[in-house]
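Along the sequence shown, the residues carry numbers beginning at 1.
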Amino acid sequence: DAARKEAEEADRRVAVGQDDLPAFLGVPILLKEAFEYPGFPYTNGLMCRRGRVGQKAGPALRRIESQGFIVLGTGNVSEACMWMESYNLVYGRSSS
């Protein structure tokens with residue numbers, strides 16, 4: 001599991017007292033499915049994209065990674081992020 005390996009590497013870097021640690025080293029985050037990220041679903045809440053998996057991380061997500069965040073997964077969005085509620089035909093309604 002990639003996230004676990006990243007966390008172990010973050011722990012190692014802290015344990016050896018590395019000086020130049022990123023500000024958010026080891027902080028776990030979830031991305032919305034509107035962002036493409038390697039290996040994670042990338043539907044943007046659209047049925048026509050059901051089953052699509054991200055192949056790359058864009059500039060914004062590369063910056064997030066460079067600050068030490070660890071991506072754990074993705075979360076639901078409304079269709080094309082057009083509505084306030086997180087409902088779409090791919091997953092249904094979010095209850096968080």
Side-chain angles (χ1 to χ4, degrees):
D1 163 53
R4 187 177 307 275
K5 287 180 185 173
E6 287 182 57
E8 289 169 355
E9 175 61 17
D11 287 344
R12 185 196 65 74
R13 291 173 69 186
V14 170
V16 299
Q18 189 173 341
D19 290 333
D20 59 343
L21 297 175
F24 297 97
L25 182 65
V27 176
I29 62 168
L30 292 175
L31 304 174
K32 292 295 190 176
E33 273 195 39
F35 294 100
E36 181 177 12
Y37 195 78
F40 288 99
Y42 180 42
T43 68
N44 205 18
L46 299 169
M47 283 298 287
C48 64
R49 295 174 63 113
R50 186 178 205 158
R52 184 172 290 194
V53 176
Q55 302 299 311
K56 61 182 179 174
L61 296 182
R62 287 195 305 268
R63 290 183 86 186
I64 286 171
E65 289 177 315
S66 75
Q67 292 302 306
F69 287 102
I70 298 174
V71 177
L72 298 180
T74 56
N76 201 11
V77 295
S78 61
E79 290 182 301
C81 297
M82 291 181 54
W83 317 112
M84 291 174 55
E85 75 283 344
S86 289
Y87 173 82
N88 62 56
L89 295 175
V90 179
Y91 300 113
R93 182 178 310 278
S94 289
S95 298
S96 55

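Remark: Y42 pairs with no residue by the ring pair (Phe, Tyr, Trp, His ring centres under 6.0 Å) rule, at least two apart or across chains.
Contact detail for V77 and K32: the closest heavy-atom pair is CG1-CB, 3.5 Å. When every heavy atom of G26 is checked against every heavy atom of I70, the shortest pair comes out as CA-CD1, 3.7 Å. Residues P22 and G68 approach most closely at CB-N, 3.8 Å, considering heavy atoms. Contact between N76 and S86 at its shortest, heavy atoms only, is ND2-O, 3.3 Å. Summarising the geometry of N88 relative to S78, their closest heavy-atom pair is CB-C, 4.4 Å, with the distance given to 0.1 Å.
A 6.0 Å sphere centred on CZ of R49 holds more than 12 heavy atoms belonging to other residues, nucleotides or ligands.
Put simply, OG1 on T43 and CD on E79 are 9.5 Å apart, with the number rounded to the nearest 0.5 Å. Here D11 contributes atom CG and L25 contributes atom CG; the two are 8.5 Å apart, rounded to the nearest 0.5 Å. Between the CD atom of E36 and the CG atom of L31 there is a distance of 11.5 Å, given to the nearest 0.5 Å. Between the CD atom of E33 and the OG1 atom of T74 there is a distance of 4.0 Å, given to the nearest 0.5 Å. From R50, atom CZ reaches atom CG of N44 across 15.0 Å, with rounding to the nearest 0.5 Å. Interatomic distance, L21 CG to Q67 CD, rounded to the nearest 0.5 Å: 11.5 Å.
Applying the ring pair (Phe, Tyr, Trp, His ring centres under 6.0 Å) rule to pairs touching residues 56-91 yields F24-F69, sequence neighbours excluded.
For the side-chain hydrogen bond (donor to acceptor under 3.5 Å, both in side chains) with E9, the qualifying choice from K5, R12, R13 is R12, the only one to do so.
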Kindly determine whether I29 and V71 satisfy side chain to side chain contact (heavy atoms under 4.5 Å, CB included), including the steps that lead there.
-> CA-CA 5 Å; I29 62 168; V71 177; 4.2 Å; yes
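Using modelled atom types, one side-chain atom of R62 and one backbone atom of A57 make a donor-acceptor pair closer than 3.5 Å.
L30 and V53 fall into different hydrophobic clusters, defined by Ile, Leu, Val, Met, Phe, Trp and Tyr side-chain heavy atoms under 4.5 Å apart, directly or through other members.
With hydrogens and angles left out, the side-chain atoms of Q55 and Y37 include no donor and acceptor closer than 3.5 Å.
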